[in-house]
*Asks:* 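Quick one: this structure, given as structure tokens, is what I'll be asking you about.
Just so we're clear, the structure is a prediction, and the values are computed from it rather than from any experiment.
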Amino acid sequence: MKGTKMHPDEVDTDVALVGRMVAAQFPQWAHLPVLEVRSAGTDNVMYRLGEDMAVRLPRVPRAAGQVAKEQRWLPRLAPHLPLAVPVPLGLGEPGEEYGLPWSVYGWLEGENLYDSPLTGAGEEHAAVQLGRFVAALRTVDATGGPAGFRGGPVSSRDADVRAAIRHLGADGTVDADLATAAWESALRLPQWEGGPVWLHGDLLPGNLLARGGRLTAVIDFGGLGTGDPACDTMSAWAVLSAGSRGLFREAVEVDDATWARGRSWALVFGLTAYSYYRVTNPVLAAVALRSTGEALDDFRREG
């Protein structure tokens, strides 16, 4: 997709290019129309292929490794999960016009929760279903799984978080004193001492699909990996309201320390993503600002 870029090394794609790539590598689908899919995704772009498929391409070279990871692990994980996930149908090879690997997936119907937020009973149902999804993913054998990009300690993001607090505190976006206190509290939390477990890594509103007011699917497994289960609870603050948060916590079945580390990840995501994407990706920036606010309000209430 062409236009404003989120990253300096972003690769241009368009409908015509994707059509040529499909025709060259998957001639059985060459007759199908290609449509651009509007998305706030930071690592990949999406195009709809016919009625039943989607083409997913890395935006940036560093995201190319996600292709093989998803192709390998999604078919193994899917049977164990209570919500639908993308099904790989084809693996595209790098070519002259587009030099990265890419994928064809089955199309999953539904509206993402950023464009169509759930409220009331719908949100409560989503809280329970999402908690069960995270709990189920955690139980799948993680042997051989790659390390998750949010699977380590939050302290690894210390410099980035403090820089974001300075940046956003200077213009009044956040209360720098409150954010600093919350962050320093996060750094003192007990760390994960168990073995690595599977993590989606990016359970944000744009990666959750609903139909008929019910959560039905989880997409975008580019952040899939293994590690501390805490980061997959950050959706309690990035997606859910305080009123449904308790239902998610009950369903996700984590201890107090893991829950607190999850809130810390909501703060890490919120501060750093808003600081980076506030101009180039207003959709993700809005999610990040909400995540920051919910996490800080929760910390304030505890204090």
*Asks:* Locate the shortest heavy-atom distance separating G222 from K69; write the atom from each residue and the value.
*Replies:*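 Heavy atoms of G222 and K69 come nearest at O-NZ, 2.8 Å.
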*Asks:* Check this for me, if you would: do E109 and R48 make a salt bridge, where the nitrogen-to-carboxylate-oxygen distance has to be below 4.0 angstrom?
*Replies:*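 Salt bridge present between E109 and R48.
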*Asks:* When the ring planes of W259 and F248 are compared, do they come out parallel, tilted or perpendicular, using 30° and 60° as the limits?
*Replies:*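 W259 vs F248 ring planes: tilted.
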*Asks:* Answer yes or no: is there a donor N or O on one side and an acceptor on the other, between the side chain of R249 and the main chain of V252, under 3.5 Å?
*Replies:*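 Checking the backbone N and O of V252 against the side chain of R249, no donor-acceptor pair under 3.5 Å is found.
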*Asks:* Does R56 make a cation-pi contact with W102 (under 6.0 Å, within 45 degrees of the axis)?
*Replies:*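 So R56 doesn't make the cation-pi contact.
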*Asks:* Dump the intermediate steps for salt bridge (charged side-chain N to carboxylate O under 4.0 Å, His left out) on D175 and R300, then the final yes or no.
*Replies:* CA-CA 11 Å; D175 180 332; R300 185 189 291 112; 5.3 Å; no
*Asks:* Measure from the side-chain N and O atoms of Q129 to the backbone N and O of L215, and report whether any donor-acceptor pair falls under 3.5 Å.
*Replies:*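 Flag not set: sc Q129 to bb L215 has no pair under 3.5 Å.
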*Asks:* Is there a donor-acceptor pair under 3.5 Å between the side chain of S264 and the backbone N or O of A260?
*Replies:*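 Pair found, side chain donor or acceptor close to backbone of A260.
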*Asks:* To the nearest 0.5 Å, what is the distance between OG1 on T233 and CG on L203?
*Replies:*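 That separation rounds to 9.5 Å.
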*Asks:* Please report the interatomic distance NE2(H125) to OG(S244), rounded to the nearest 0.5 Å.
*Replies:*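 OG of S244 is found 12.5 Å from NE2 of H125.
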*Asks:* What's the verdict on side-chain hydrogen bond (donor to acceptor under 3.5 Å, both in side chains) for Y47 and T13, showing C-alpha distance, side-chain angles and the deciding distance?
*Replies:* CA-CA 10 Å; Y47 293 83; T13 63; 2.8 Å; yes
*Asks:* Hydrophobic cluster membership, with links at side-chain heavy-atom distances under 4.5 Å among I/L/V/M/F/W/Y: are V60 and V55 in one?
*Replies:*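 Per the 4.5 Å side-chain linkage, V60 and V55 are not co-clustered.
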*Asks:* May I ask you to decide whether D228 forms a salt bridge with R150, counting only side-chain N to carboxylate O separations under 4.0 Å?
*Replies:*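 Result for this pair is no, no salt bridge flagged.
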*Asks:* Under the 3.5 angstrom rule, does the side chain of T139 hit a backbone N or O of A136 as a donor-acceptor pair?
*Replies:*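 Flag set: sc T139 to bb A136 pair under 3.5 Å.
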*Asks:* Check E294 with R245, please: is the shortest side-chain N to carboxylate O separation under 4.0 Å?
*Replies:*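 Looking at E294 together with R245, the answer is yes, because their closest N to O distance falls below 4.0 Å.
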*Asks:* Counting only N and O atoms by type, is there a donor-acceptor contact under 3.5 Å from the side chain of T216 to the main-chain atoms of L209?
*Replies:*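 Present.
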*Asks:* Please determine whether a side-chain nitrogen of the Lys or Arg among R162 and E184 lies less than 4.0 Å from a carboxylate oxygen of the Asp or Glu.
*Replies:*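 Looking at R162 and E184, the cut-off is met.
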*Asks:* So if you build clusters from Ile, Leu, Val, Met, Phe, Trp, Tyr with side-chain heavy-atom gaps below 4.5 Å, do L189 and W265 land together?
*Replies:*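 Shared cluster, no.
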*Asks:* Determine whether the aromatic ring centres of residues W73 and W198 are separated by less than 6.0 angstrom.
*Replies:*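 Centroid separation for W198 and W73: below 6.0 Å.
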*Asks:* Cluster question for you: counting only ILVMFWY and a side-chain heavy-atom cut-off of under 4.5 Å, with indirect links fine, are L130 and L118 together?
*Replies:*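 Result: yes, single cluster for both.
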*Asks:* Using the rule that Ile, Leu, Val, Met, Phe, Trp and Tyr join whenever any side-chain heavy atoms are under 4.5 Å apart, tell me whether V11 and V45 fall into a single cluster.
*Replies:*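 Shared cluster, yes.
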*Asks:* In sequence, state the C-alpha distance, the side-chain angles, and the governing distance for R138 and D232, and then conclude on salt bridge (charged side-chain N to carboxylate O under 4.0 Å, His left out).
*Replies:* CA-CA 10 Å; R138 199 171 65 234; D232 270 359; over 6 Å; no
*Asks:* For R261 and Q191, what are the C-alpha separation, side-chain angles and deciding distance, and is it a side-chain contact (heavy atoms from CB on, under 4.5 Å)?
*Replies:* CA-CA 8 Å; R261 291 194 306 278; Q191 295 305 300; 4.1 Å; yes
*Asks:* Between H200 and C231 (side chain of the first, backbone of the second, donor and acceptor by atom type, cut-off under 3.5 Å), is there such a pair?
*Replies:*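 Judged by distance alone, no pair lies under 3.5 Å.
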*Asks:* Checking salt bridge (charged side-chain N to carboxylate O under 4.0 Å, His left out) for the pair R263/E302: CA distance, chi angles, key distance, verdict?
*Replies:* CA-CA 12 Å; R263 185 177 67 186; E302 282 190 359; 3.3 Å; yes
*Asks:* Is there a donor-acceptor pair under 3.5 Å between the side chain of S116 and the backbone N or O of E111?
*Replies:*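 Pair absent, no side-chain N/O of S116 close to backbone of E111.
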*Asks:* Hey, what else clusters with L247 if you join Ile, Leu, Val, Met, Phe, Trp, Tyr whenever side-chain heavy atoms sit under 4.5 Å?
*Replies:*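 Once heavy-atom contacts under 4.5 Å are chained together, L247 belongs with V128.
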*Asks:* Tell me whether S103 contacts the main-chain N or O of L91 through its side chain, where contact means a donor paired with an acceptor under 3.5 Å.
*Replies:*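 Such a contact is absent between S103 side chain and L91 backbone.
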*Asks:* Are R157 and D160 ion-paired here, with the side-chain N under 4.0 Å from a carboxylate O?
*Replies:*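 No, this pair does not count.
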*Asks:* Same cluster for M46 and Y105 if Ile/Leu/Val/Met/Phe/Trp/Tyr side chains link at under 4.5 Å?
*Replies:*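 No: no chain of side-chain contacts under 4.5 Å links M46 to Y105.
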